[in-house]
Structure formats: structure tokens, C-alpha cells
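Here's the structure, in C-alpha cells; my notes come after.
Values below: every heavy atom of this structure, side chains too, minus hydrogens, waters and symmetry copies. Note that this is a predicted model, so its numbers are computed, not measured.
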Amino acid sequence: MIKDYVQYNPSKIIFGKGAENNIGKIISEEYQAKKVLIHYDSGDFIKPLIAKVRGLLEKEGIMVYELGGVVPNPKVSLMKDGCKLVRDNDIDFILAVGGGSTMDSTKYIACGAYYDGDLWDHQKFAPIETKVLKHAVIVTMPGTGSEVSTAAVWRDDTTDPERKTCVFANEMRFDFVIIDPELTYTLPKFQTAAGCFDIIAHSMEDYFCAPEDAEFYLSAYEGVIRDVMKNVKIAIKDPTNYTARANICRCAYVPLEDIIISGSTHGYCVHNLEKPMTGTYHRTHGEMLAIFFPAWFKYCYKMNMPLFTRICVNCFGARMDYEYPERTILEGINNLEHFIKDIGLPTRLSDIGIDDKFFDDCAQYGVDGGTDGYIGMGIKLYKEDIINVYKLAL
């Protein structure tokens, strides 16, 4: 049954070719900002865009500050540097230029610069009552959906092993979002593949938590999965194919925006078993999801045979075996692994040099951040279950 909900997403989305060309006028005229911090990642491919954005802002008389160096699984230490930069210079607007990690790091700075305490410890879903700076993003890597969500994922790089957390607050939503698919042309193939698998992963997470007797949810998620699987191959082969890039950019935030997820339960089981491993080994989020999802399928499919059968047929090209549906699921898992390899991502932890050293620690950290000792909603996993999934992924 569909759950009761209130839908509200105030983030303005500006989508299309050259959308970033108006960034200076928007910030100056609509937000009256005088001092802007541009926050971005450490990739060389983004430097020409940063120079362009800086010029557009300065043309409108805006004083520009820069803070680069964001890495996958963004570091709290850099975010705190950003907060200090904001306070010391009385900056009044934060502009993210990048993908999910840059977006999440920007959310910390915008909401944490004047926060009373440490934003890391903020109670999930509670309002942030201290001063929050206006903040926006120019998306260069679709995947996480952070551009439309209330969530941010951060890494505490002051602990050993390092740890990750996810904080939710409405104040973290961007005031506006610029999505120009042409800005994704220069993404390396690996980043394109990892971002696209993250989109697929978001759809699969909620697929297994969809309300009963609500076909819309299942069909919508299947549509996103199929479309991204098709277009990521095109984009990798032809990086400047606008249609493929635009389809990916549009699909990226569909599973995260309120249009689909409202009224549904959100499981995020695989994300929660992945998060401790990614924090420990500093790997790319989408890459690790690509390793863990097939393993999760193998471990969990008997817990909901009809739904696993359906997704394997409708999304992964498996043939329906009505007499032995388990064969259908196993064929679907095999096809999914072949797809992952085809787009250049690993399917085993051993492929990227990870062993079982921290399985117990990561599983414990996973359930500590879950609910009553487990993670997931539609399918629940306890500590021993998480370790078993890790072993299947090894």
C-alpha cells in the first residue's frame, strides 16, 4: 500500500545546452550575492570549466573564491577548511561544480559554516536552525542524485579506519541546479560507468521496497534501469553523443526526486553495506556498488523470488523459466555481471585488491548505522548476513 506523504522539492532545475552560461546573472540578480565560493574536485578535466565559471561571475562584479581538491567520499577536513574560508571572508553563496562528492561537500560548507556544533553529528531529518548559505550546483557527473536530494554523505578522515555517514536535512537541498549534458562529454570512461551504475543502484534499492499493488513504482524503476543500461554503452563508445548523455543526466535524479519515491519505503540495503567498505578503502561509490549488487542478488534472491525473477526478465534479459524460476534469476545475475564488465567496472573485491581483513569491522559499522541491528527495509540484513555478502563479493 502507498504510504502517506508530503511532497516538496523546491530546487529549481535548469536543464539544457549552455545552461551554465547564465550562472553569473542568476547568482547576481536573483540571489544578490557579492562573494561566491566555487567548490570543485581535483580532476584536470574540470579546470577549463572552472575558469569559464569564474569569468562569468566576475563579469557580474562578484568576488570569487575557490576551493578545489574534493575526492571521492569527500573528506570532512576539507569541508571544515571551506567553512573557515566562508567565515573569514564573509562569503554569501557556495557554488558546487562537479559530481556527487562535490555536491555533498558543498552541502556541508553551506550548512555547517555557522552550525552550532559539528554538522557530522546532526540528527537525521531534523531541521538545521542555524544560518544556511544559499548554494547551487553545476553538474558535471550525473549519478548520485545529490542535486535534488536532502542527503549528503561524508567521510571522517581523522579516524582509523575512516568512517562515513549520511545526514539528511531539507536545508541541504540546492537552491538551483544547472544540468548541461555537454559538460559530461569530458568525463573519463570509468567515471561515466561508475555514475551510471549508481543510478541503476538507486532504482534497484527502492525496487525491492515498492508498495504492493502499485505497478507504477516497479515499471518506473525498470524504465530507468533499462534506459541507463542502454545509454551508458553509447556514451562510453561515443562520449559526445548528446542524446545518450542527456538521457543519463535526466535519469540520474529520477530515483531520488519526489515524483517516484514519494509514498514508498526506502531500503538502501546495498548502499549501507557498501558504505563502510568504501570509507575504509577509499574506492569510488559506483564501482563498489557494481561489486556488491550481484553478490547481494545471489544471497537474497530466495527472499523474494517473484520480484527478483521480474527484474531479471524485464531488465537483465533473462529468459523466463516457469518451471524453474531460479534458473531465470541466476541467468539474470550472470547477465548483470557481464554488463558490469562490459562497461569497464569490476565485479569482485579481489579485482581491486581488497581482501577479508576488515569484513567484521565494516559489517559492524554497517549495522551500527542501521535500525535495531540490521540494514535494509524490504530485505533486512544482519551483521552475519553482511559478512556473507562480502564473502560472495570477494
Side-chain angles (χ1 to χ4, degrees), residues 7 9 11-17 19 98-101 103 137-151 173-174 177-210 215-262 264 266-268 270-271 284-287 289-290 293 310-311 314-317 336 339-340 342-345:
Q7 180 177 315
N9 192 339
S11 297
K12 180 179 181 180
I13 298 174
I14 306 169
F15 188 106
K17 295 182 180 181
S101 292
M103 297 180 210
V137 58
I138 298 174
V139 179
T140 64
M141 179 181 170
T144 68
S146 186
E147 61 266 35
V148 299
S149 79
T150 62
R173 290 190 190 275
F174 287 104
V177 179
I178 288 180
I179 304 174
D180 177 357
E182 290 185 323
L183 296 181
T184 69
Y185 286 176
T186 56
L187 273 177
K189 291 182 178 180
F190 173 79
Q191 297 296 341
T192 297
C196 284
F197 197 84
D198 195 12
I199 302 169
I200 294 168
H202 290 150
S203 294
M204 290 195 292
E205 292 278 23
D206 284 335
Y207 187 87
F208 292 93
C209 299
E215 176 66 24
F216 160 75
Y217 290 91
L218 296 178
S219 297
Y221 290 128
E222 289 170 358
V224 171
I225 293 167
R226 289 195 301 268
D227 205 38
V228 175
M229 290 180 72
K230 170 187 174 182
N231 284 288
V232 65
K233 289 185 176 182
I234 297 172
I236 288 174
K237 184 177 181 180
D238 179 10
T240 60
N241 186 302
Y242 183 83
T243 299
R245 292 290 188 177
N247 287 337
I248 292 168
C249 286
R250 182 61 185 93
C251 285
Y253 61 88
V254 170
L256 276 298
E257 68 179 334
D258 298 337
I259 291 174
I260 294 184
I261 63 174
S262 296
S264 179
H266 316 305
Y268 279 67
V270 183
H271 274 69
T284 298
H285 177 60
E287 171 193 42
L289 289 172
F293 252 103
R310 172 172 172 157
I311 195 172
N314 290 353
C315 296
F316 306 142
L336 174 60
F339 163 76
I340 293 168
D342 286 346
I343 63 174
L345 296 177

Next on the checklist: Please verify the inter-ring angle class for H285 with H202; under 30° counts as parallel, over 60° as perpendicular, anything in between as tilted.
Outcome noted: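 Tilted: the ring planes of H285 and H202 meet at 30° to 60°.
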
Contact check, side chains of [X] and [Y], non-hydrogen atoms, under 4.5 Å:
{"X": "F208", "Y": "I311", "result": "yes"}
{"X": "Y185", "Y": "N241", "result": "no"}
{"X": "R245", "Y": "P239", "result": "yes"}
{"X": "F339", "Y": "I200", "result": "yes"}
{"X": "L187", "Y": "P142", "result": "yes"}

Give, for atom [atom1] of [X] and atom [atom2] of [Y], the distance between the pair rounded to the nearest 0.5 Å.
{"X": "K189", "Y": "K237", "atom1": "NZ", "atom2": "NZ", "value": "11.0 Å"}
{"X": "I236", "Y": "N231", "atom1": "CD1", "atom2": "CG", "value": "11.0 Å"}
{"X": "L336", "Y": "I340", "atom1": "CG", "atom2": "CD1", "value": "4.0 Å"}
{"X": "C196", "Y": "K230", "atom1": "SG", "atom2": "NZ", "value": "13.5 Å"}
{"X": "I178", "Y": "K12", "atom1": "CD1", "atom2": "NZ", "value": "9.5 Å"}

Backbone N or O of [Y] within a donor-acceptor pair of the [X] side chain at under 3.5 Å?
{"X": "N247", "Y": "T243", "answer": "yes"}
{"X": "E182", "Y": "Y242", "answer": "no"}
{"X": "R173", "Y": "S149", "answer": "no"}
{"X": "D227", "Y": "G223", "answer": "no"}
{"X": "S146", "Y": "G100", "answer": "no"}

Looking at [X] and [Y], what are the two nearest heavy atoms and their distance?
{"X": "Y253", "Y": "I13", "value": "CE1-CD1, 3.6 Å"}
{"X": "F15", "Y": "P181", "value": "CZ-CG, 3.8 Å"}
{"X": "A193", "Y": "L345", "value": "O-CD1, 3.7 Å"}
{"X": "T140", "Y": "T184", "value": "O-CG2, 3.5 Å"}
{"X": "G98", "Y": "M103", "value": "O-CE, 3.7 Å"}
{"X": "V232", "Y": "M229", "value": "CG1-O, 3.5 Å"}

Checklist entry - With sequence neighbours excluded, what pairs up with Y207 under the ring-ring contact (aromatic ring centres under 6.0 Å, His included) test? => result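 None.
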
Next on the checklist: Applying the side-chain contact (heavy atoms from CB on, under 4.5 Å) criterion to I138, which one of I179, I14, V177, L183 satisfies it?
Outcome noted: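 Looking at I179, I14, V177, L183, the match for I138 under the side-chain contact (heavy atoms from CB on, under 4.5 Å) is L183.
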
Checklist entry - Could you go step by step and tell me if M204 and F197 meet the side-chain contact (heavy atoms from CB on, under 4.5 Å) rule? => result CA-CA 10 Å; M204 290 195 292; F197 197 84; 4.1 Å; yes

Next on the checklist: D198 vs H271, test: side-chain contact (heavy atoms from CB on, under 4.5 Å). Steps then yes/no.
Outcome noted: CA-CA 10 Å; D198 195 12; H271 274 69; 3.6 Å; yes

